[in-house]
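All values below come from the heavy atoms of this structure, side chains included, with hydrogens, waters and symmetry mates left out. A quick note: this is a predicted structure, and the numbers were derived from the prediction, not measured.
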Amino acid sequence: MSDKLIIFDTTLRDGEQSPGASMTRDEKLRIARQLERLRVDVIEAGFAASSNGDFEAVKTIADHIKDSTVCSLARANDRDISRAAEALAGAQRARIHTFIATSPLHMEKKLRMSPDQVFEQAKLAVRFARNVCGDIEFSPEDGYRSEPDFLCRVLEAVIAEGATTINIPDTVGYAIPELYGEFIRNLRERVPNSDKAIWSVHCHNDLGMAVANSLAGVKIGGARQIECTINGLGERAGNCALEEVVMAIRTRRDHFGLDIGIDTTQIMPASRMVSQTTGFVVQPNKAVVGANAFAHASGIHQDGVLKARDTYEIMRAEDVGWAANKIVLGKLSGRNAFKQRLQELGIELESEGEINAAFTRFKDLADRKSEIFDEDIIALVSDESVTAVKEHFRLISLAQRSETGERPQASVTLAIGEAEHAVHSEGRPKPLRLAKQRLPSPRGRLAR
C-alpha cells in the first residue's frame, strides 16, 4: 500500500457552497494558483455543468494550473460529464468526479429512483466518463448512510468500469471516527476489486468531527486520499479543514507513517487569501491558522516557550507560514516574558531595581487592560525614567466655565520650581440669539 497521502482540495467547489462564499472566476483562479504553490495534489475547481460562470472558472483554472490535477464535479449523466470534459480540455492533468446518491433516504426522497436504477446509472456514467478522461473519481453521495451490501455492489461495478478513485462521503456529518474508519475498512475488504482504485474520504463537520473522521478513514480504513478545504470552508458547519489534517499527518508521522507533498509554509497565505476573498473571518482560536494558534498569554507557558519552544509547541509557527510564535503580554505574564520583550524592543535598564519597578507598573496596567502592546511598554519605561528627574514646570489645576449670557472664566495654577503661580481671566459674555421664526404667507404657506 502506498505511503503517499493525496490531498484533494475542494475549496473552490464544495467550499463555495457555504452561503455567502461565492467567488468570481478571477478570484477562483487566484486561489487555485495559491493552492498550486501549496502543492495540493488535486484541485476541484468547480461544477462545470452548474452554470456558464462555473464552466468558465473550471476552464480558466484548467488552462493555467500546471503542477496540480484539475478536477470538475459532474452528476452521473452524459450531459454533465461532457460539460466537465469540455471545461477540462486544456488541463495537463484532468479528473472527472462523478456522483450519485446511494442511501435509501436519498434514492427514495430525492432521486425517486430504485436501487437497481441507481446501480445502472452509476455504471453507465463511469463508463461514459472513462471514454473522455483517464482519471475518474466516483462518489456515492450520502455513502456513510448507505446499505453496505448495496454500496459494495455499486462500488465493485464502477471500479470494473474504470473508476480510479472511490470516495466515500459522510455528506451530512453523521459519522463517528471509529465507526467511520471501520466502515471504510469493511468496504475495502468486501469489494473484490478494491485494490484497483485509491480510496478517499470526504467528511462534513456537522458534529465537529470532520478532521477526526477523515484521519480515522485513513488510519483505520486504509484510505489514501483526503478531501478537504482551506479553513474548513463549506456548507452548514463546513468541511474537513486542510490545514488541520495536513499538520496532524505531518506532526504525528510516528503514528500515521504517511508522506504528504504539501508545502506547509504556504498554509497561512492560503488561509488569509480564502478568508479575504470570501469575507469569512477565521476564529482566533482556530487550530493552525487562528490568530491565537501560536500565541501564549500564561506566564508559565511564556517562561517555558522562551526556554525551550517544544515545552508548549508541538509544531513551529514558521512551518505553517506564520512569522513566529507570539508572546501576548497581559496580567498572567511573568517577569521573564517582560524582560524578553524589553530586549526585543531594544530597551536597556541599568539595574534589576529599575526592571522590578517597571515590571510592577506593567502588572498594575495589565490589571486594567486586557492586552499590553509594545507602545504601552515603551510608555511605561519612559514614565519610570521621567519620574527620576524632578519636573521644573507642573500643572497643578485648570478650571473653566462658559454659559450662555455670562462671562466665560478660566483659572490655571502652575508650579514653577518650588513656587506656585495662579492666573484668572474673564472674557466677553456670549450674546443671546433668538431663533428666526417663519411667518405664514398670505396663502397659508410658509414664506421661502
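- A 6.0 Å sphere centred on NZ of Lys110 holds more than 12 heavy atoms belonging to other residues, nucleotides or ligands.
- For the pair Ile220/Tyr180, no side-chain contact is recorded, criterion being any heavy-atom separation below 4.5 Å from C-beta on.
- Residues Val218 and Ile226 are in side-chain contact: their nearest non-hydrogen atoms beyond the backbone lie under 4.5 Å apart.
- Under the rule for a side-chain hydrogen bond (donor to acceptor under 3.5 Å, both in side chains), the partners of Arg75 that lie at least two apart in sequence or sit in another chain are Asp80.
- Nearest heavy atom pair, residue Ile7 against residue Cys228, reads CG2-SG, 3.9 Å.
- For the atom pair Ile6 CD1 and Leu258 CG, the distance stands at 11.0 Å (nearest 0.5 Å).
- Looking at Glu244 and Lys286, a side-chain N of the basic residue comes within less than 4.0 Å of a carboxylate O on the acidic one, giving a salt bridge.
- Between Val282 and Gly290, the shortest heavy-atom distance links the atoms CG1-CA, 4.1 Å.
- With 3.5 Å as the limit, one finds no donor-acceptor pair spanning the side chains of Thr11 and Thr229.
- Every pair passing side-chain hydrogen bond (donor to acceptor under 3.5 Å, both in side chains) that includes a residue from residues 205-222 is listed here, sequence neighbours excluded: Asp206-Arg236.
- Contact check on Glu86 versus Lys59 returns no salt bridge, with no Lys/Arg side-chain nitrogen under 4.0 Å from an Asp/Glu carboxylate oxygen.
- A donor-acceptor pair under 3.5 Å is formed between the side chain of Thr171 and the backbone N or O of Asp142.
- Of all non-hydrogen atoms in Phe138 and Ala163, the two that sit nearest each other are CB-CB, 4.3 Å.
- In this structure, CZ in Arg30 is found 9.5 Å from CD in Gln276, a value given to the nearest 0.5 Å.
- Side-chain atoms of Arg112 and Glu108, non-hydrogen and from C-beta on, never get closer than 4.5 Å to each other.
- Counting only distance, with no hydrogens or angles, the side chain of Asn356 and the backbone of Glu352 share a donor-acceptor pair below 3.5 Å.
- For the residue pair Gln225 / Ser200, a side-chain donor-acceptor distance below 3.5 Å is found, with atom types taken as modelled.
- Residues Leu88 and Arg95 fail the side-chain proximity criterion, which asks for heavy atoms closer than 4.5 Å.
- Annotation: side chain of Val40 is in contact with side chain of Leu242 (closest heavy-atom distance under 4.5 Å).
- Rounding to the nearest 0.5 Å gives a distance of 8.0 Å between CG of Leu124 and CG of Asp78.
- A salt bridge links Arg190 with Asp149: the distance from a Lys NZ or Arg NE/NH1/NH2 to an Asp or Glu carboxylate oxygen falls below 4.0 Å.
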Stepwise salt bridge (charged side-chain N to carboxylate O under 4.0 Å, His left out) check, Glu36 with Lys66: CA-CA 8 Å; Glu36 187 177 33; Lys66 306 304 179 186; over 6 Å; no
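- Inter-residue side-chain proximity for Asn239 and His202 is flagged as met; some heavy-atom pair is nearer than 4.5 Å.
- Between the side chain of Asn167 and the backbone N or O of Ser139, no donor-acceptor pair lies under 3.5 Å.
- With sequence neighbours left out, Arg83 forms a side-chain hydrogen bond (donor to acceptor under 3.5 Å, both in side chains) with Asn52.
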Let's go through Arg145 and Leu105 carefully: what are the C-alpha distance in whole Å and the side-chain angles of both, what is the deciding distance for side chain to side chain contact (heavy atoms under 4.5 Å, CB included) to 0.1 Å, and is it a yes or a no? CA-CA 9 Å; Arg145 295 195 296 176; Leu105 180 63; 3.8 Å; yes
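- The main-chain N or O of Val42 is never found under 3.5 Å from a side-chain atom of Ser68 such that the two would form a donor-acceptor pair.
- For the pair Asp364 and Arg361, the salt-bridge criterion is not met [side-chain N within less than 4.0 Å of a carboxylate O].
- Between the CG atom in Leu151 and the CD atom in Glu156 there is a gap of 12.0 Å [rounded to 0.5 Å].
- Scanning for side chain to side chain contact (heavy atoms under 4.5 Å, CB included) contacts around Ser114 gives Asp116, Gln117, with sequence neighbours left out.
- Here CD of Glu141 is found 9.5 Å from CD1 of Ile100. Values are rounded to the nearest 0.5 Å.
- Judged by distance alone, the side chain of Ser146 and the main-chain N or O of Ser103 form a donor-acceptor pair under 3.5 Å.
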Might you work through the side chain to side chain contact (heavy atoms under 4.5 Å, CB included) test for Arg188 and Asp195, ending with a clear yes or no? CA-CA 8 Å; Arg188 290 183 57 248; Asp195 60 325; over 6 Å; no
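- At a threshold of 4.5 Å between non-hydrogen side-chain atoms, the residues Ser82 and Phe128 count as touching.
- The number of heavy atoms from other shown groups lying within 6.0 Å of CG (Leu111) is above 12.
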Tell me, with the steps shown, if Val274 and Ile31 meet side chain to side chain contact (heavy atoms under 4.5 Å, CB included). CA-CA 7 Å; Val274 170; Ile31 292 173; 4.2 Å; yes
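- Closest approach of Ala45 and Val70 over heavy atoms only: CB-CG1, 4.0 Å.
- Under 4.0 Å is where a charged nitrogen must lie from a carboxylate oxygen, and between Lys4 and Asp41 at least one such pair does.
- Among Thr277, Asp54, Thr60, the one residue that satisfies the side-chain hydrogen bond (donor to acceptor under 3.5 Å, both in side chains) test with Lys28 is Asp54.
- Sparse packing is recorded around OH of Tyr174, with 12 or fewer heavy atoms of other residues, nucleotides or ligands lying under 6.0 Å away.
- With hydrogens and angles ignored, the 3.5 Å screen pairs a side-chain donor or acceptor of Gln34 with a backbone N or O of Gln266.
- With no hydrogens or angles considered, no side-chain donor-acceptor pair links Thr24 and Asp26 at under 3.5 Å.
- Of all the heavy atoms in Ala84 and Ile96, the pair that sits closest is CB-CG1, 4.3 Å.
- In this structure, Asp67 does not pair ionically with Arg37, as no charged nitrogen and carboxylate oxygen lie closer than 4.0 Å.
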For a side chain to side chain contact (heavy atoms under 4.5 Å, CB included) check, start with the C-alpha distance between Ser194 and Leu187, then their side-chain angles and the critical distance, and finish with the verdict. CA-CA 8 Å; Ser194 65; Leu187 293 176; over 6 Å; no
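- By the 30° and 60° cut-offs, the orientation of the rings of Phe47 relative to Phe99 is perpendicular.
- Residue Glu137 holds its CD atom at 8.5 Å from CD1 of Ile166, rounded to the nearest 0.5 Å.
- Screening Leu38, Ile65, Ile61, Ile43 for a side chain to side chain contact (heavy atoms under 4.5 Å, CB included) involving Arg33 leaves a single residue, Ile65.
- Under the side-chain hydrogen bond (donor to acceptor under 3.5 Å, both in side chains) criterion, Asn231 pairs with Ser271, not counting sequence neighbours.
- For the pair His204/Asp170, no side-chain contact is recorded, criterion being any heavy-atom separation below 4.5 Å from C-beta on.
- Judged as a side-chain hydrogen bond (donor to acceptor under 3.5 Å, both in side chains), and not counting sequence neighbours, the contacts of Glu44 are Thr10, Arg13, His97.
- The two residues Ala223 and Val201 make their nearest non-hydrogen contact at CB-CG1, 3.8 Å.
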